Amino acid sequence: GAALAPLIATDWSFATGLSLLVWFVYAPQCLATLAVVRRESGGWAMPAGMAVLLFSLAYGASWIAYRLASSWGVAA
């Protein structure tokens with residue numbers, strides 16, 4: 001834990017950190033939730049659709065956050 005902080009501080013830009021935070025907002029945080037949805041829906045279609053949608057949304061929002069932060073000049 002303590003060794004990771006200096007690496008992140010020197011190697012990651014503000015835009016990178018912001019995009020990672022945005023990714024975590026939208027990405028599916030709990031695989032157990034997908035398992036419960038599979039059990040309740042009786043198949044894999046609904047949890048697979050949820051996973052694809054949430055990962056796509058997370059990636060897209062993260063990409064937009066990075067590009068906006070970079071274009072505003074806070075990437076350094």
Side-chain angles (χ1 to χ4, degrees):
L4 185 60
L7 291 174
I8 291 173
T10 58
D11 293 340
W12 285 15
S13 67
F14 176 78
T16 301
L18 182 63
S19 68
L20 182 66
L21 289 174
V22 170
W23 192 88
F24 275 111
V25 167
Y26 292 107
Q29 297 296 316
C30 182
L31 294 180
T33 302
L34 295 176
V36 169
V37 171
R38 189 203 66 79
R39 187 183 67 205
E40 295 293 327
S41 67
W44 283 103
M46 182 68 77
M50 285 175 55
V52 168
L53 174 68
L54 290 173
F55 279 121
S56 299
L57 181 63
Y59 181 79
S62 175
W63 185 81
I64 289 169
Y66 182 84
R67 293 297 172 193
L68 285 175
S70 295
S71 71
W72 291 335
V74 293

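Just so we're clear, the structure is a prediction, and the values are computed from it rather than from any experiment.
Ile64 and Trp72 fall within a single hydrophobic cluster, where Ile, Leu, Val, Met, Phe, Trp and Tyr are joined by side-chain heavy atoms under 4.5 Å apart, directly or via other members.
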Show me the side-chain donor-acceptor pairs of residues 17-27 shorter than 3.5 Å, one per line, residues at least two apart or across chains.
from  : atom 1 : to    : atom 2 : distance (Å)
Ser19 : OG     : Ala15 : O      : 3.3
Ser19 : OG     : Thr16 : O      : 2.9

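Atom OG of Ser70 is separated from atom CZ of Phe14 by 10.5 Å, given to the nearest 0.5 angstrom. Here the CG-OG1 distance, from Leu54 to Thr33, works out to 10.0 Å after rounding to the nearest 0.5 Å.
The minimum heavy-atom distance between Gly43 and Arg38, with the atom names listed, is O-CG, 3.0 Å.
In this view, Val36 and Arg39, Glu40 satisfy the side chain to side chain contact (heavy atoms under 4.5 Å, CB included) rule, not counting sequence neighbours.
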